[in-house]
Amino acid sequence: MGGTEQKYVKEAFDTNWIAPLGANVNGFEDAIENYLDNDIHVAALSSGTAAIHLGLKLLGVSQGDEVLCQSFTFSASANPITYLGATPVFIDSEEETWNISPELLEIAIKDRLEKHKKPKAIIAVHLYGMPYKHKEINEIAKKYEIPVLEDSAEALGSTYRGEKCGTLGDISILSFNGNKIITTSGGGALISKDEKVKEKAIFLATQARDNAPHYQHSHIGHNYRMSNVLAGIGRGQMEVLDKRVAARRDNFEFYKKQLSHFDEITFLHEPEGMFSNRWLSCITTDSFETREKIRTSLLEEDIETRPLWKPLHMQPVFKDYPSYLNGVSERLFEIGLCLPSGSNLEISDLNRTSQQIEKNLTA
Ligand SMILES: Cc1ncc(COP(=O)(O)O)c(C=O)c1O
């Protein structure tokens, strides 16, 4: 926590706004809008997953539709496709950002069109905070008139050619889960350039109640709004977001300085014009064996790491859906590792991890 969160939470208690609305919800939305400063509108929700669900709904996705989704991501990027009775179609990654491959995206769209199934939306993800190739993806999306849902759950604080991640999609989402760069313990946001989309999102997120003195409903709604108590945490967290980004980037630079001289280890560079919040510090190794050697030796020292995301097309629950593959995400899953990356790590913690890796590679 940054320090001022409890002040805002106390305000919620003092004013008795213990509800999914109140001054903190409005204040948190204003703070995000000011930060992203791109004439955008933010609806604070209960999770990033809820935001993706509502986002897809607002893009018109429904039963029987197909949605193209980056395969190399967390399952929450794709789960909401199935909540709507739609089918995910998975697209592999390119090497430069580890995100959705523009080349494969276009191949997939052409193939789906040939099969007379025009995809209803594209879900592109800034994985680990690294922006996806927005210009290329956007050009393809425009050419085929398919909207993009920008999954910026991991990328608050990242920018693409000076534009903030979270403002690049037709609809964008953020997550404030406990593991994210800033947190409300659990929470998310839906972002749009169109104020009406924000209003519709809030309408759907508060049980779709019609304007009447009694309870009247013409649509199926959800209970997806953010609590005013948690939004108080979010207001405090927004005050330290820049510090958090700096700390995460420092972690990455530290590991890079200590370890990049090893031939077995590679770090993902920021392509020109891209700025990553380096949410997690990730490495790739020269083989599955090296990755496992590093992972298990750190575990023996009680240092937790995690292989990179298992691609969704390999997940038991998604494996039978269509996919367009080039081997990139499968390889990254085999050889990649997320190192300890918290914003509160001390130099001594970072040293302990990197020295253990050095010891392991020079043994
Ligand atoms: C890429 C990605 N998309 C979506 C989500 C879902 O966000 P939440 O956990 O807030 O539902 C997460 C994180 O959990 C994520 O990492």
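Both backbone and side-chain heavy atoms feed into the values below; hydrogens, waters and symmetry mates do not. In each ligand, atom 1 is the first atom listed, and ligand 1 is the first ligand listed.
Atom 14 (O) of ligand 1 has Lys180 NZ, 3.0 Å as its closest protein atom, hydrogens excluded (heavy atom only). Among protein heavy atoms, atom 16 (O) of ligand 1 sits closest to Glu154 OE2, 2.6 Å. Protein heavy atom at the shortest distance from atom 11 (O) of ligand 1 is Thr49 OG1, 2.4 Å. Of all protein heavy atoms, the one closest to atom 3 (N) of ligand 1 is Asp151 OD2, 2.7 Å. Nearest protein heavy-atom neighbour of atom 9 (O) of ligand 1: Asn177 ND2, 2.8 Å.
Remark: distances from the non-hydrogen atoms of Ser77 to ligand 1 include one below 4.0 Å. The shell of residues lying under 4.0 angstrom from ligand 1, judged by heavy atoms, includes Gly187.
Below 4.0 Å from some heavy atom of Gly48 lie the following atoms of ligand 1, by number and element: 7 (O), 8 (P), 10 (O), 11 (O). Shown in contact with Val125 at under 4.0 Å from a heavy atom are these atoms of ligand 1, numbered in order with element: 1 (C). The ligand atoms of ligand 1 that sit less than 4.0 angstrom from a heavy atom of Ser175 are 7 (O), 8 (P), 9 (O), 10 (O). Each of the following atoms of ligand 1 lies closer than 4.0 Å to a heavy atom of Ala153: 2 (C), 3 (N), 4 (C), 5 (C), 12 (C), 15 (C). If you number the atoms of ligand 1 from 1 as listed, the ones under 4.0 Å from a heavy atom of Thr73 come out as 1 (C).
Taking the ring axis of Tyr215 as reference, the NZ or CZ atom of Arg209 stays within 45° of it and closer than 6.0 Å to the ring centre. Geometric assessment of Arg235 against the ring of Phe28 yields a negative cation-pi assignment under the 6.0 Å and 45° thresholds. Cation-pi geometry between Arg112 and Tyr324 is not satisfied (NZ or CZ under 6.0 Å from the ring centre, within 45° of the ring normal). Judged by a 6.0 Å distance limit and a 45° cone about the ring axis, Lys164 is positioned over the six-membered ring of Tyr35.
For atom 5 (C) of ligand 1, the nearest non-hydrogen atom from the set Ser75, Gly188, Gly178, Ala76 comes from Ala76.
Ring pair Tyr160/His126: centre-to-centre distance not below 6.0 Å. Remark: aromatic rings of Phe267 and Tyr255 are distant, center separation not under 6.0 Å. Side-chain rings of Trp309 and Phe72 stay apart, their centers remaining 6.0 Å or farther from each other.
Ring pair Tyr321/Phe90 is perpendicular by interplanar angle, where above 60° counts as perpendicular and below 30° as parallel.
Ion pairing between Arg278 and Glu253 fails under the 4.0 Å rule for side-chain N and carboxylate O.
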